[in-house]
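I have placed the structure first, in the form of structure tokens, so that the comments after it can refer back to it.
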There are 2 protein chains.
Amino acid sequence: MSDTAKTLPRLDESLLSHVPPFSKLEKRQIREILDMASVRRLGEGVAVFEEGAPAERFYMLLDGYIRVMRITATGEQVIALHIPSGQLFGIAKAIGRDTYPATSVTASEAIILSWPMRVWDDFVARYDGFATETYKTLGQRLGEMNNRIVEMATQQVEQRVANALLRLINQTGRKVEGGIEIDFPITRQDLSEMTATTLHTVSRLLSAWEKQGLVSSRRKRITVTDPHRLVLMCRGGVPT
Amino acid sequence: MSDTAKTLPRLDESLLSHVPPFSKLEKRQIREILDMASVRRLGEGVAVFEEGAPAERFYMLLDGYIRVMRITATGEQVIALHIPSGQLFGIAKAIGRDTYPATSVTASEAIILSWPMRVWDDFVARYDGFATETYKTLGQRLGEMNNRIVEMATQQVEQRVANALLRLINQTGRKVEGGIEIDFPITRQDLSEMTATTLHTVSRLLSAWEKQGLVSSRRKRITVTDPHRLVLMCRGGVPT
DNA sequence: TGAGAAGTTTGTGCCACCGCAAACTTCGTC
DNA sequence: GACGAAGTTTGCGGTGGCACAAACTTCTCA
């Protein structure tokens, strides 16, 4: 709802030159692509698009984090995925859809590029490596979802939360003194929506882990101080 | 393990002419494609490929059903998906992978075509509509998985099993007297592996539903006699 | 036709986790 | 710097559905 912007001053080619779907392109081509893009700077917690809406644009996250979620008929939220910067999202066309299959919300401040969906086929046809790289990240996301299904089907809450934390620090971790911190604000509630449990249970688990020196957390911030022991946690056994 | 066959007598073009990824092609092109294919006839419960194996071939299911599953480190099985005839599967290349992300097993007797993965890029480049249709089914499967995640995160066992049944009769249902039957042999165990519960719980549920006239079942066979009331079941409330 | 395998049903006890509730802490803002 | 909103912690009771166990039924194949 809040802060939008049109085509900002002028985007530098280096913005995209190292980003997988565009990394094989010449400077000239990246220029073309950037000239077609709109830029927006969004605050935390802003919806980029809603599930079911006609897929009119596709997006590239330049900075920040995006949370992909779905909302059930009864109003419960389920977080499907977090997307780090440098990835495309909202690429409904890539999977033959004309509406977005889920809602995307910023998990932090974010900068996003976007293009009208009608140029999608051009991108695929014209830019070498674009399609390939796109489908590679799609495959990764698919694999991740698959893993989550297996986890939810076979693991206990404790292990699921541990897994979720590890995945977060792997994908979006930032090294700080004393451990690895999740690079965006995240609440117990969020974590519970990622692991199919309640914020109460997550809170209890984090408190326990904090006492054991596995993690340390403040409001909306979580730092994993002992990833190794957290990995052990994923495979069942309660440590001493 | 059991029954294999090489290129059988001679496949008829009509086999593929109505199957989405090939439906836009000319007879000549379908001939080409068929001439490159191997055919196999498989019994029930035979593995087509295993998770993690190098993705050397991709497949088209001509008849029967395929079950896509994963096995955890502790040996538990989780069924991710059932694939009905007329769909491609094992298309690792489409998502930028060079190993299969899951195991595929026949859920019934089945007839499958297959091609070496190296012709994949040719297929995409040469055959109009092939890529598009492929990604459409990919999108559907992604959506299904997404739905399962949401279900497992928000619903009770009873609702999840009801949902699983409904999905099965939607996708693979066969009309019989007195209801719609799932078109391939399926055990309580299978159903429990699809819904993250135990075979005991599934058995109890089915027994209860049978008493209420919602379903009727025999060994390895399930018929939904009152789909409408089963739909109600999905949304919580216990009926009279 | 009979023995074993595979699949199903049913009972009982128990515990991990949720639901509810209430107090507490941290942050933003006027 | 005080108020309210947002986020967190903690206690307690209840219960859904799992684990374990055992009998039963239906198929298969010799």
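First the proteins, then the strands, lettered A, B, ... as listed; each starts at 1.
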Query raised in the report: Rounded to whole angstrom units, what separation is found between the CZ atom of Arg188(B) and the P atom of dC27(D)?
Result: 12 Å

Query raised in the report: So what does Leu206(B) hit on the nucleic acid, given a heavy-atom distance under 4.0 Å: a base, only sugar-phosphate, or nothing?
Result: nothing

Report summary line: Which of Tyr65(A), Phe184(A), Phe89(A) passes ring pair (Phe, Tyr, Trp, His ring centres under 6.0 Å) with His82(A)? Answer is Phe184(A)

**Report entry** N/O (side chain, Thr187(B)) to phosphate O (OP1/OP2, dA6(C)) under 4.0 Å
**Finding:** no

Requested in this report: Compute whether any side-chain donor of one residue and acceptor of the other, for Glu193(A) and Gln189(A), lie under 3.5 angstrom apart.
Outcome: yes

Requested in this report: In whole angstrom, give the distance that lies between atom CZ of Arg218(B) and atom C1' of dT9(C).
Outcome: 18 Å

Query raised in the report: Going by atom types alone, do Thr195(B) and Thr197(B) pair a side-chain donor with an acceptor below 3.5 Å?
Result: no

Query - Length of the CD-C1' vector between Glu210(A) and dT10(D), whole Å - result: 15 Å

Query raised in the report: Rounded to whole angstrom units, what separation is found between the NZ atom of Lys220(B) and the P atom of dT8(C)?
Result: 8 Å

Query raised in the report: Among Gln159(B), Arg167(B), Arg160(B), which residue meets the side-chain hydrogen bond (donor to acceptor under 3.5 Å, both in side chains) test with Glu151(B)?
Result: Arg167(B)

**Report entry** Separation of atom CG in Leu191(A) from atom P in dG7(D), rounded to whole Å
**Finding:** 14 Å

Query raised in the report: In Å, rounded to the nearest 0.5 Å, how long is the span from OG1 of Thr137(B) to CD1 of Ile95(A)?
Result: 11.0 Å

Query raised in the report: Tell me: CZ of Arg219(A) to C1' of dG28(C), nearest whole Å?
Result: 9 Å

Query raised in the report: Near Glu76(A) CD, under 6.0 Å, is it more than 12 heavy atoms from other residues, nucleotides or ligands?
Result: yes

Report task. Return no unless some side-chain N or O of Ser203(A) is found under 4.0 Å from OP1 or OP2 of dG7(D). Result -> no

So which protein N/O to nucleotides 14-19 of chain C N/O distances come out below 3.5 Å?
unit_1: dC17(C); atom_1: OP1; unit_2: Val157(A); atom_2: N; d: 3.0
unit_1: dC18(C); atom_1: OP1; unit_2: Thr197(A); atom_2: OG1; d: 2.9
unit_1: dC18(C); atom_1: OP2; unit_2: Thr197(A); atom_2: OG1; d: 2.8
unit_1: dC18(C); atom_1: OP2; unit_2: Thr201(A); atom_2: OG1; d: 2.5
unit_1: dG19(C); atom_1: O6; unit_2: Arg204(A); atom_2: NH2; d: 3.4

Query raised in the report: In whole Å, what is the span from the CG atom of Leu199(A) to the C1' atom of dT10(D)?
Result: 12 Å

Query raised in the report: Could you give the CH2-to-C1' distance, from Trp209(B) to dT9(C), as a whole number of Å?
Result: 16 Å

Report task. In plain terms, say whether Glu210(B) and Arg218(B) are close enough for a salt bridge, that is, a side-chain N and a carboxylate O under 4.0 Å apart. Result -> no

